[in-house]
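Each chain gets a letter, A, B and so on, in the order its sequence line appears, and its residues count up from 1. All values below were derived from every heavy atom in this structure, side-chain atoms included, with hydrogens, water molecules and symmetry-related copies excluded. Everything numeric here is computed off the predicted structure, so don't read it as measured data.
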Protein chains: 2
Amino acid sequence: MHLFWEHGYEATSLAMLREAMGLTPPQIYNAFTDKETLFRKALTRYHQTEIGFAVEALGAPVPTGEAIRRLLLGAAEAYSRPGKPGGCLFVSGALAASPQAQAIADELKAYRKASEAAIAERLAKGRAIGDLPEGLSVEGFAKYLAGVMNGMSIQARDGASVEELRTLAQTALAAFAIEGQKQAHHPRNEADAGSLPRG
Amino acid sequence: MHLFWEHGYEATSLAMLREAMGLTPPQIYNAFTDKETLFRKALTRYHQTEIGFAVEALGAPVPTGEAIRRLLLGAAEAYSRPGKPGGCLFVSGALAASPQAQAIADELKAYRKASEAAIAERLAKGRAIGDLPEGLSVEGFAKYLAGVMNGMSIQARDGASVEELRTLAQTALAAFAIEGQKQAHHPRNEADAGSLPRG
DNA sequence: AATTATCCATAGTGATCGATACGAAACCTG
DNA sequence: CAGGTTTCGTATCGATCACTATGGATAATT
């Protein structure tokens with residue numbers, strides 16, 4: 001799992017996996033059938049052991065704002081754990097892949113989409129109980145949060161520390177506050193420039 | 001360039017490049033020496049032809065808020081151009097790489113770091129001319145913006161439309177407004193929960 | 001017009017990929 | 001303790017990787 005996490009699916013050779021696990025080729029193939037199912041096993045294990053913060057954050061009986069805050073701060077911690085590869089396996093596993101490995105790339109994309117959908121579901125629940133700012137689009141804000149987490153994953157991979165990721169997360173959370181104070185925003189192609197404060 | 005952009009450095013084989021360019025092996029090696037220098041040529045070309053929006057946005061004689069706004073909205077457009085691969089080559093070129101290709105991965109990481117440094121430089125200029133909200137950390141906010149752009153790159157790769165990316169960008173810009181109204185934030189480990197508005 | 005020189009596409013190089021077939025050691029049974 | 005079976009490690013499989021050497025066609029020169 002760590003090797004796939006660090007180098008991605010295709011760049012991780014079976015030789016590296018064999019050496020890391022101390023197994024001979026037949027042992028690997030008897031245990032995991034082939035490389036693809038081994039990777040899928042690593043995916044599910046990653047989901048079970050490293051991503052618990054997300055399901056806990058989204059499932060906790062707390063206000064929506066607090067849930068989102070736990071989600072982003074949990075990501076900051078999970079993406080920069082000492083002794084573990086930086087970022088998220090769902091992002092670095094196969095962001096770009098050869099045509100032969102596109103099935104794996106699509107599967108990881110599905111994981112990312114599912115994460116975004118889980119966020120949207122939590123936001124929709126908040127909307128239902130009146131816990132969400134009025135002018136806030138559930139899908140749009142979910143895409144923003146998922147995007148921020150993906151971006152944190154890359155920043156973590158580039159060596160960002162826990163503190164830096166937490167700062168990033170809290171800056172991102174600021175959008176949650178302001179979004180509630182605005183009208184529903186309908187982004188248009190033409191510029192509505194100059195509307196930003198200039199300090 | 002498009003092939004490297006779509007599949008990344010390692011997953012793009014010379015056979016694919018040959019077929020796309022209609023060249024024979026000796027022609028490729030006479031023209032580009034080897035795969036690595038060919039990729040670097042594609043990188044500089046990408047920087048010249050696809051990333052102009054960023055240098056324009058950061059160099060334009062406009063208030064800092066407008067510059068940042070142009071940066072993010074430009075990214076929304078650049079990362080979802082029809083007929084081009086989604087996202088940013090600097091991100092998808094080699095986010096995860098084999099040990100043999102780590103030189104390439106490090107080079108792309110340097111590009112990303114340079115982008116963040118350019119943002120920080122623009123923010124510092126804004127701070128110097130009093131154009132930036134008081135309690136806003138230059139480095140922290142630059143890391144946030146670079147992270148958001150990286151996240152947009154992944155969302156684009158996952159099929160996000162221009163409009164969705166623009167919405168994401170404008171949501172991210174909201175943090176710019178609120179950051180100015182707050183005190184300088186010093187993220188701590190312990191929870192300062194419940195401080196978020198709940199709509 | 002004959003010969004030499006130059007260029008270029010095809011074929012092939014060693015290395016490594018994921019995946020397997022064979023020989024040896026160990027183990028259970030009689 | 002012997003025989004048969006099963007397991008397991010080594011050596012290797014075909015395919016593909018980035019990359020290069022060689023033969024043939026073209027062009028230039030005498």
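- Of the side-chain N and O atoms in A/Thr24, none sit less than 4.0 angstrom from OP1 or OP2 of D/dC8.
- Rounded to whole Å, atom P of C/dA19 lies 4 Å from atom OH of A/Tyr29.
- Linking ILVMFWY residues whenever their side-chain heavy atoms come closer than 4.5 Å, directly or via other members, places B/Leu168 and A/Phe141 in the same cluster.
- Note on B/Glu36 versus B/Arg40: salt bridge recorded, some NZ/NE/NH1/NH2 to OD/OE distance being below 4.0 Å.
- Taking the charged nitrogens against the carboxylate oxygens, B/Glu121 and B/Lys125 have no contact shorter than 4.0 Å, which rules out a salt bridge.
- Along DNA chain C, the nucleotide nearest B/Asn30 and the nucleotide nearest B/Gln100 are compared for position; the residue whose nucleotide lies closer to the 5' end is B/Asn30.
- With D/dC19, D/dT10, D/dC17 as the choices, the nucleotide that has an atom nearest any side-chain atom of A/Pro25 turns out to be D/dT10.
- Closest to the side chain of A/Pro26, out of D/dG9, D/dC19, C/dC17, is D/dG9.
- A cation-pi contact, defined as under 6.0 Å to the ring centre and within 45° of the axis, is absent between A/Lys35 and A/Phe4.
- Using a 4.0 Å heavy-atom cutoff across all strands shown, B/Thr12 reaches sugar-phosphate atoms only and no base atom.
- Nucleotide D/dC19 holds its P atom 15 Å from the CG atom of B/Leu23, rounded to whole Å.
- Taking 4.0 angstrom as the limit, B/Gln27 places a side-chain polar atom (N or O) nearer than this to OP1 or OP2 of C/dA9.
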